[in-house]
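When reading the values below, keep in mind they use all heavy atoms of this one structure, side chains included, and skip hydrogens, waters and symmetry mates.
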Amino acid sequence: MPVKAPAKSKQGGGGTSSLKVGKGRPPRVSMGGAKVALKDDIRDDVTEIGEGGHGEEWMQTKSLIKPDDQLDLSEGELKEEFTRILTANNPHAPQNIVRYNFKDRSFKQTSHVDQLAIHFSLDGNMIHKDSDEARRQKAKYGAAETVSDQAISEAEEEKKDEEGEEKAEVEEGADKRDEESTPAPPKGGDNKKLTNQFNYSERASQTYNNPYRERATQTEPPPRANFSATGNQWEIYDAYKEDQEKQAEEKAKEKKQTSSKKEEGTVKKKLTAMETQTDDVSRISHAAKIVERMVNQNTFDDVSQDFKYWEDVSDEYRDSEGTLLPLWKFSYDKAKRLAVTSLCWNPKYRDLFIVTHGSYDFMKQSRGMLLCYTMKNPSYPEYVYPTTSGVMCVDVHPEHPYLVAVGFYDGSVGVYNVTNKDNKPIYQSTAKTGKHTDPVWQVAWQKDDLDNNLNFFSVSSDGRVVAWTLVKNELTYTDVIQLKLDEAPQEGPEGTQLTPLGCGTCFDFHKQTDYLFLVGTEEGKIHKCSKAYSSQFLDTFDAHHMAVYKVHWNYYHPKIFISCSADWTVKIWDHTYKNGAMFTFDLGSSVGDVAWAPYSSTIFAAVTADGKVHVFDLSINKYEPICEQAVVQKKKTKLTHITFNPNHPIVLVGDDRGYVTSLKLSPNLRKVPKVMKKLDMQMAMHQQDKKGQELQRGPEQEIAKMDKLLALVREPSNKDN
């Protein structure tokens, strides 16, 4: 227990002192000595009580009682400070409030809880003195004058506070309060009312804090319904097309409505100016084109001289090998990132050829392009036709060289007229007119039908070979054959039987038999088909282990065709011989294209993915190429297509970077064998030809040359075939 010190004690000269006891610990008192020392946390006071028992009696008999549960603490523990932090959190506030989260579709606990606790709230009853309610109260209780006097006095007091005179008045009023109990009456003649100094009160007010209001609503989740449908590529394409047409119609209507007479006048002026400019350019377009070709001829004069006159003299010292001389390199800036997907020479203008651009990577499909080049102007194409989808194949009509048939990656086919200035095709298939559902890999013109309508064929990965007929302004279609597989039919929805179809990649029509054609597939098979039979194949060859990229009938021999595949092989077949291929060549890389030479029945060329061109002549070497040459600068560049010029000793090679390279064949790659020269001499003895006219080799000699090679390969039992 704390000990109370006496009120007064004698010290030295009889002065007084007080004893202070610190809170939290008992004082220390020495009973045997003459001094009592009491320590506090803040200061230490020492008081001498007396000597020899001169103190008071109750102080001597005082004893301290220590509680049993009191702790014995050291000085350091007694001086240790304990800190308590007060927070504004409400201990009674709930911590488990949950709300429904519509985004996650589940109940989630709210992180923020209101910690405000209101202990006292009082609504005041004060009203504004100028309000209608205040006026009604004044009129009812008759307190209008007193209120106005109080307002005047308050206004005067505020003015005095601002000027600093209130202090003096307050002091005088205090003196007067001591002397008098009532204020002095006002002097005569002055009716101004003085303020009551005794009834002065200071007023203070606190603004009312509006209480927090929480408004929460909880609704039921909106109803949901499951919807499923199939969307093909052509359906999406048609939907976008319809939307574009609607937008174009709406824009045209808006333009018609907003156009005024002044705008029409300015448009007419602009049109007339443009017409005059185009007329000026069109007048000199022919002359400008001639000048451009002259400049290019001077620029590439050395290449032109090599094309016309240069022959590789070193071929005389080689036994059976030849070379390829690079000539012009054709490229277009906007088509450099697009692969060359097809090459085709014009049947009438031998220096003109067509290149199509697209992409073989189905993950990187964007745009396409159709370009027409001439060897007279290698710097820029003659015609440029940009397309929204990649152009995968092309073919020029043999009798109408201005008509160009193309196949697109989106499955549609189209026909361009090069003489038209419009960049759009004059015919194009849509989903309503039976377009393919997969990319079109090859198109080919055929002879006119019985009604003299132009028609062409197309093959696609959807397993259909379709005949397209140009009737007036429409493009009609007829399914020629479906590439059905030998597998058992699969079960479809609602118990239907679905027959699996093969993926067509290429085809070629016989040069002499009109109804006969070959189709190559991704499964590695080659089907011999007929236009008259749409339900079955005439024959099927298990040609390759991977996709067939090209099939091509021989120009001279009616039974021979060649094929190439991604399995690195090139094979030569006799369609009447069923025991396998006549010749097989392994080129060590994926073969992108193969083509027969138009001047010989035994020469063909192939391009591979490693950037090499392989030229074979079976009459010279039946096992290895007589020319194997890399024609690209970069190692990663893949060659995609090759084609021979019908008249000149030139081949065109396209790669996957958009470049087309022209190469000239050396004499060893196009020479006539000695055996054929003797046959030509014998034929010349029996024919009466004009003097000075060169005798051209006929197809009979070429057929005999190929038959001689086939006789060495065929089995004896099948020699007669």
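- Counting heavy atoms from C-beta on, the side chains of F307 and L325 never come closer than 4.5 Å.
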Using a 3.5 Å cut-off and no angle test, enumerate the donor-acceptor pairs between side-chain atoms of residues 474-482 and protein atoms at least two apart in sequence or in another chain.
residue	atom	partner	partner atom	Å
T476	OG1	T469	O	3.4
D479	OD1	R464	NE	3.4
D479	OD1	R464	NH2	3.0

Hey, can you pull the donor-acceptor pairs under 3.5 Å for the side chains in residues 644-654, sequence neighbours left out?
residue	atom	partner	partner atom	Å
N645	OD1	N647	N	2.9
N645	OD1	H648	N	2.9
N645	ND2	R350	O	3.1

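- Paired with S589 under the rule side-chain contact (heavy atoms from CB on, under 4.5 Å), one option of D610, V607, L639 passes, and it is D610.
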Might you work through the side-chain contact (heavy atoms from CB on, under 4.5 Å) test for D508 and F561, ending with a clear yes or no?
-> CA-CA 9 Å; D508 192 27; F561 68 91; over 6 Å; no
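- For the pairing with H527, the ring pair (Phe, Tyr, Trp, His ring centres under 6.0 Å) check across F541, F507, F537 returns one residue only, F537.
- For the pair K329 and Y659, the cation-pi criterion (under 6.0 Å, within 45° of the ring axis) is fulfilled.
- Side-chain N or O atoms of D539 include none that pairs as donor or acceptor with a backbone N or O of K528 at under 3.5 Å.
- Aromatic ring centres of H557 and W596 lie farther apart than the 6.0 Å criterion allows.
- In this structure, the side-chain hydrogen bond (donor to acceptor under 3.5 Å, both in side chains) partners of T374, at least two apart in sequence or on a different chain, are D351.
- In this structure, OH in Y549 is found 7.0 Å from OG in S565, a value given to the nearest 0.5 Å.
- To the nearest 0.5 Å, atoms NZ (K525) and CG (D542) are separated by 5.5 Å.
- Taking a 6.0 Å sphere around NZ of K376, one finds it holds 12 or fewer heavy atoms contributed by other residues, nucleotides or ligands.
- Residues H510 and P558 have side chains in contact (heavy-atom distance under 4.5 Å, counting atoms from C-beta outward).
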Going through the checks in order, is the side-chain contact (heavy atoms from CB on, under 4.5 Å) test met by I626 and L669?
-> CA-CA 8 Å; I626 59 175; L669 302 181; 3.4 Å; yes
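- Under the ring pair (Phe, Tyr, Trp, His ring centres under 6.0 Å) criterion, Y373 pairs with F330, F353, sequence neighbours left out.
- Atom NZ in K664 sits 9.5 Å away from atom CH2 in W328 (nearest 0.5 Å).
- Aromatic ring pairs are classed by plane angle as parallel below 30°, tilted from 30° to 60° and perpendicular above 60°; the pair F517 and F509 is tilted.
- With values rounded to the nearest 0.5 angstrom, F456 atom CZ is found 6.5 Å from L470 atom CG.
- Note: Y383 and Y416 fail the aromatic proximity criterion, with ring centroids not under 6.0 Å apart.
- Atom OG of S331 sits about 5.0 Å away from atom NZ of K336, to the nearest 0.5 Å.
- Side-chain atoms of W234 and T437 form no donor-acceptor pair, as typed in the model, at a separation below 3.5 Å.
- Within the 4.5 Å cutoff, no side-chain heavy atoms of M375 are placed close to those of S662.
- Between the side chain of D655 and the backbone N or O of G658, at least one donor-acceptor pair lies under 3.5 Å.
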Would you mind writing out the side-chain donor-acceptor pairs for residues 386-408 within the sub-3.5 Å range, not counting sequence neighbours?
residue	atom	partner	partner atom	Å
T387	OG1	G368	O	3.2
T387	OG1	S389	O	2.7
S389	OG	D410	N	3.4
D395	OD2	W445	N	2.8
H397	ND1	E399	N	3.1
H397	ND1	H400	N	3.1

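- Under the rule for a side-chain contact (heavy atoms from CB on, under 4.5 Å), the partners of R105 that lie at least two apart in sequence or sit in another chain are Y100, R224.
- Under the rule for a side-chain contact (heavy atoms from CB on, under 4.5 Å), the partners of R367 that lie at least two apart in sequence or sit in another chain are L338, M369.
- Side chains of S359 and D361: no donor on one and acceptor on the other come within 3.5 Å.
- Within 6.0 Å of the NZ atom in K511, the count of heavy atoms belonging to other residues, nucleotides or ligands exceeds 12.
- Side-chain contact between K622 and M582 is absent, with no heavy atoms from C-beta onward closer than 4.5 Å.
- N296 and S379 are linked by a side-chain donor-acceptor pair at a separation below 3.5 angstrom, with hydrogens and angles left out of the test.
- Annotation: ring pair (Phe, Tyr, Trp, His ring centres under 6.0 Å) contacts of Y555 (sequence neighbours excluded): H552.
- For K484, the salt bridge (charged side-chain N to carboxylate O under 4.0 Å, His left out) test picks out no residue, with sequence neighbours left out.
- When each of H544, K571, K550 is tested with S563 by the rule side-chain hydrogen bond (donor to acceptor under 3.5 Å, both in side chains), just one qualifies, namely H544.
- Centroid-to-centroid, the aromatic rings of F604 and F585 come within less than 6.0 Å.
- Looking at K531 and F457, their side chains come closer than 4.5 Å, going by heavy atoms from C-beta outward.
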For residues 236-250, please give each side-chain donor-acceptor pair under 3.5 Å, one per line with the distance, not counting sequence neighbours.
residue	atom	partner	partner atom	Å
D243	OD2	Q247	NE2	3.4

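- Residues Q446 and D514 are in side-chain contact: their nearest non-hydrogen atoms beyond the backbone lie under 4.5 Å apart.
- With sequence neighbours excluded, the residues satisfying side-chain contact (heavy atoms from CB on, under 4.5 Å) with P625 are H614, F616, E628.
- D656 is linked by a salt bridge (charged side-chain N to carboxylate O under 4.0 Å, His left out) to nothing, counting only residues two or more places apart in sequence or in another chain.
- Two residues are said to be in side-chain contact when any heavy atoms from C-beta on lie closer than 4.5 Å; P425 and V415 fail this criterion.
- Counting heavy atoms of neighbouring residues, nucleotides and ligands inside a 6.0 Å radius, atom CD of E382 exceeds 12 of them.
- Two residues are said to be in side-chain contact when any heavy atoms from C-beta on lie closer than 4.5 Å; I572 and I560 meet this criterion.
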